[in-house]
Amino acid sequence: MNKIIAPSLLSADLAFLYSEIEMLNGSEADWVHLDIMDSSFVSNISFGFMFTKYVKKYAYKPIDIHLMILEPERYIEQLRDCGADHVHVHYEACIHLNRTVFSIKEHGMKVGVAINPHTPVFLLQEIIKYLDFVLLMSVNPGFGGQKFINQTYKKLEETKDLILKKDSSALIEVDGGINLENAYSLFKNGADILVAGTAIFSNSNPKKIIHKMKELT
Ligand code: DX5
Ligand code: ZN
């Protein structure tokens with residue numbers, strides 16, 4: 001399978017949202033990653049459904065939503081209506097994870113479960129079979145521009161093993177602190193999808209960074 005690059009708009013200049021989306025449309029980026037936060041699950045607020053709707057209106061690429069919110073099950077219908085293609089919920093934020101995962105699928109979207117850096121991979125053993133994606137957080141969620149946590153490599157290994165053991169077809173997505181220095185080894189160690197914000201949008205030539213990341217695949 002071709003490896004996927006999903007730029008995170010969290011680090012984009014949102015005063016120029018349309019041109020940032022146009023840049024992504026004209027780039028080799030595969031998806032657009034949107035980080036929705038509620039100030040409770042994480043101590044930050046980003047953007048929400050209205051924002052998602054406008055991104056969907058202009059972006060030609062699948063919209064990959066990372067929900068950093070409590071009780072995400074309350075918003076599944078709204079997410080479907082504003083054009084989400086993939087929805088990731090946090091393991092730590094869902095009391096009835098099985099029900100939430102199936103509800104996202106029943107609403108016609110692909111589903112991923114995200115785990116924080118401290119959350120062990122084995123906790124996904126009963127759900128991984130039903131997932132399209134496992135999202136490994138390689139920073140503590142809530143902010144862009146943080147340093148990659150190296151322990152993620154071990155979790156990548158454990159996730160690959162669990163996928164095999166449980167006969168799951170989930171793809172592994174890694175999110176946080178990803179740049180041109182670590183992207184190659186992450187792909188090599190089993191990541192299928194890399195999310196990158198700062199490394200792409202803080203560069204004066206974001207298309208070139210995306211191109212270089214794709215070249216590593
Ligand atoms: C962090 C978000 C990430 C973030 C990544 O909570 O989930 O998607 O935007 O940004 P960088 O690449 O700057 O770590
Ligand atoms: Zn994210």
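Indexing begins at 1, ligand by ligand and atom by atom, following the structure's order. Position 1 is the first residue of the sequence, and the numbers go up from there.
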>> Could you check whether any side-chain N or O of S168 sits under 3.5 Å from a backbone N or O of I128, counting only pairs where one atom can act as donor and the other as acceptor?
In response: yes
> If you count the atoms of ligand 1 from 1 in the order shown, which ones are under 4.0 Å from a heavy atom of H33?
Replying inline: 8 (O)
> Please state the angle at the Zn ion (ligand 2) spanned by NE2 of H33 and ND1 of H66: what is it, rounded to 10 degrees?
Replying inline: 110°
> Y184 and T217: side-chain donor and acceptor closer than 3.5 Å?
Replying inline: no
>> Using a 6.0 Å cut-off, check whether atom CZ of F47 has over 12 heavy atoms from anything other than its own residue.
In response: yes
>> Is there a side-chain hydrogen bond (donor to acceptor under 3.5 Å, both in side chains) between H66 and D175? Walk through the geometry before answering.
In response: CA-CA 10 Å; H66 176 192; D175 183 3; 3.1 Å; yes
> Any idea which protein heavy atom is nearest atom 3 (C) of ligand 1, and the distance to it?
Replying inline: D175 OD1, 2.9 Å
>> Tell me whether the count of non-hydrogen atoms from other residues, nucleotides or ligands lying under 6.0 Å of CZ in F51 goes above 12.
In response: yes
> Crowded around Q78 CD? As in, over 12 foreign heavy atoms under 6.0 Å?
Replying inline: yes
>> Can you tell me if K212 has over 12 outside heavy atoms packed within less than 6.0 Å of its NZ?
In response: no
>> At less than 4.0 angstrom from any non-hydrogen atom of G176, what atoms of ligand 1 do you find?
In response: 14 (O)
> Short list, please: which atoms of ligand 1 are under 4.0 Å from a heavy atom of V195?
Replying inline: 8 (O)
> To the nearest 10°, how many degrees is the angle D35 OD1 to the Zn ion (ligand 2) to D175 OD2?
Replying inline: 170°
> Among protein heavy atoms, which sits nearest to atom 6 (O) of ligand 1, and what does the distance come to when rounded to 0.1 Å?
Replying inline: G142 N, 2.7 Å
> Would you call the rings of H33 and H88 parallel, tilted or perpendicular if under 30° counts as parallel and over 60° as perpendicular?
Replying inline: tilted
> Taking only heavy atoms of M137, which atoms of ligand 1 are found under 4.0 Å from at least one of them?
Replying inline: 7 (O)
>> Just checking F102: does its CZ atom have more than 12 heavy atoms from other residues, nucleotides or ligands closer to it than 6.0 angstrom?
In response: yes
> Is there a donor-acceptor contact under 3.5 Å linking the side chains of S103 and E73?
Replying inline: no
> Any idea which protein heavy atom is nearest atom 1 (C) of ligand 1, and the distance to it?
Replying inline: F143 O, 3.5 Å
> At a non-hydrogen distance cut-off of under 4.0 Å, which region of A196 contacts ligand 1 (side chain, backbone, both, or neither)?
Replying inline: backbone
> So which heavy atom in the protein is nearest atom 2 (C) of ligand 1, and how far is it from that ligand atom?
Replying inline: D35 OD1, 3.3 Å
>> For atom 14 (O) of ligand 1, what is the closest protein heavy atom, and at what distance to 0.1 Å?
In response: G177 N, 2.8 Å
>> Can you name the atoms of ligand 1, numbered from 1 with element, that are less than 4.0 Å from a heavy atom of H66?
In response: 7 (O)
> Going by distance only, is there an N or O of G145 that falls short of 3.5 Å from an N or O of ligand 1?
Replying inline: yes
>> Within ligand 1, which atoms have a heavy atom of P141 less than 4.0 Å away?
In response: 6 (O)
> So which heavy atom in the protein is nearest atom 13 (O) of ligand 1, and how far is it from that ligand atom?
Replying inline: T198 OG1, 2.4 Å
> Considering residues, nucleotides and ligands other than K53, do more than 12 of their heavy atoms fall under 6.0 Å from its NZ?
Replying inline: no
>> Checking a contact table here: which protein heavy atom is nearest atom 10 (O) of ligand 1, and how many Å away?
In response: G144 CA, 3.7 Å
> Tell me, which protein residue and heavy-atom name are nearest atom 12 (O) of ligand 1, and how many Å apart are they?
Replying inline: G197 N, 2.7 Å
> Which atoms of ligand 1 are found less than 4.0 Å from any heavy atom of L10?
Replying inline: 9 (O)
>> Using ring pair (Phe, Tyr, Trp, His ring centres under 6.0 Å), reason through F133 and W31 one step at a time and then give a plain yes or no.
In response: CA-CA 14 Å; F133 317 108; W31 300 347; 5.5 Å; yes
